[in-house]
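Structure first, then comments.
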Amino acid sequence: MTAATPKFELPGWIACAPFEEYLGMRIEEAAGGRAVLSMPFKLKLAQGVGLMHGGAITSLADTAVAMAIKSILPEGSDFVTVDLHLKFFAAVREGSVRAVARAIPQDERKIVGEAEIFNGDTKVAEFNAFFIVKRRGAE
């Protein structure tokens with residue numbers, strides 16, 4: 001860590017980071033390899049024609065899967081998203097979006113994550129990602 005890098009710690013193992021809080025994400029549940037997160041539509045999250053930006057929706061999906069993963073890994077485990085795909089089905093113009101995610105371990109270091117994103121009862125998108133867990137004791 002350099003002098004320019006501020007020290008930061010989350011308030012808990014399963015908690016939103018500052019970026020996620022900025023987007024307005026809320027953890028509804030996270031246990032047993034499943035997580036549900038929500039995020040309100042805000043004008044600050046809109047793209048040029050007033051629809052919720054795809055990057056905000058992607059962030060919600062990725063974070064929901066990360067919380068599902070945290071619910072099955074030991075506290076303090078390090079893992080990263082190495083590949084992700086998002087397929088859109090509908091635009092978000094108002095209300096809030098909800099991501100329903102699950103973590104599917106492949107082996108001790110590989111996890112596949114899936115999420116469905118909804119705006120009310122409308123499925124907005126499907127998300128799939130691949131995560132790698134850092135080896136214990138590795139730098």
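- Note on Ile132 and Leu73: separate hydrophobic clusters, where clusters join Ile, Leu, Val, Met, Phe, Trp and Tyr whose side-chain heavy atoms are under 4.5 Å apart, directly or indirectly.
- Residues satisfying the side chain to side chain donor-acceptor pair (under 3.5 Å) test with Asp121, not counting sequence neighbours, are none.
- Both Ile69 and Ile27 are assigned to one and the same hydrophobic cluster, defined by single-linkage of ILVMFWY side chains at heavy-atom distances under 4.5 Å.
- Counting all heavy atoms, side chain and backbone alike, Ile117 lies closest to Ala61 at CD1-CB, 3.7 Å.
- Nearest heavy atoms, Gly33 versus Ser71: N-OG, 2.8 Å.
- Judged purely by atom type and a 3.5 angstrom limit, Gln47 uses its side chain to pair as donor or acceptor with the backbone of Val49.
- At a threshold of 4.5 Å between side-chain heavy atoms, the hydrophobic network of Ile, Leu, Val, Met, Phe, Trp and Tyr places Phe118 and Leu45 in two separate groups.
- With sequence neighbours excluded, the residues that form a side chain to side chain contact (heavy atoms under 4.5 Å, CB included) with Ile72 are Ala103, Pro105.
- Here the closest non-hydrogen pair linking Leu23 and Ser59 is CD1-CB, 3.8 Å.
- Listed for the Arg109 side chain is a donor-acceptor partner under 3.5 Å among the backbone atoms of Val133.
- Under the side chain to side chain contact (heavy atoms under 4.5 Å, CB included) criterion, Phe41 pairs with Ala46, Met52, Val92, not counting sequence neighbours.
- Applying the salt bridge (Lys or Arg N to Asp or Glu O under 4.0 Å) test to pairs two or more places apart or on separate chains, those with a residue in residues 12-32 are Arg26-Glu28, Glu29-Arg34.
- In this structure, Ala15 and Met67 approach most closely via the heavy-atom pair O-CE, 3.2 Å.
- Asn119 contributes no side-chain N or O that, together with a main-chain N or O of Thr122, makes up a donor-acceptor pair within less than 3.5 Å.
- No chain of hydrophobic side-chain contacts below 4.5 Å, direct or via other Ile, Leu, Val, Met, Phe, Trp or Tyr residues, connects Val100 to Phe88.
- A pairwise comparison of heavy atoms in Ala99 and Leu60 identifies CB-CG, 3.8 Å as the closest pair.
- Taken together through direct or relayed side-chain contacts under 4.5 Å among Ile, Leu, Val, Met, Phe, Trp and Tyr, Met25 and Leu10 form parts of separate hydrophobic clusters.
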Problem set entry | side chain to side chain contact (heavy atoms under 4.5 Å, CB included) between Arg93 and Leu51, worked out | CA-CA 5 Å; Arg93 294 176 171 81; Leu51 306 174; 3.4 Å; yes

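- How far CZ of Phe131 is from NZ of Lys110: 15.0 Å, rounded to the nearest 0.5 Å.
- Minimum heavy-atom separation, Val65 to Ala115: CG2-CB, 4.0 Å.
- Heavy atoms of other residues, nucleotides or ligands lying less than 6.0 angstrom from CD of Gln106 number more than 12.
- Formation of a donor-acceptor pair under 3.5 Å by the Lys70 side chain with backbone atoms of Trp13 is found in this model.
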Could you give the side-chain donor-acceptor pairs of residues 76-87 under 3.5 Å, partners two or more places apart or in another chain?
{"residue": "Ser77", "atom": "OG", "partner": "Pro74", "partner atom": "O", "Å": "2.7"}
{"residue": "Thr81", "atom": "OG1", "partner": "Asp62", "partner atom": "OD1", "Å": "3.0"}
{"residue": "Asp83", "atom": "OD2", "partner": "His85", "partner atom": "NE2", "Å": "3.0"}

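- With sequence neighbours left out, Arg98 forms a side chain to side chain donor-acceptor pair (under 3.5 Å) with no residue at all.
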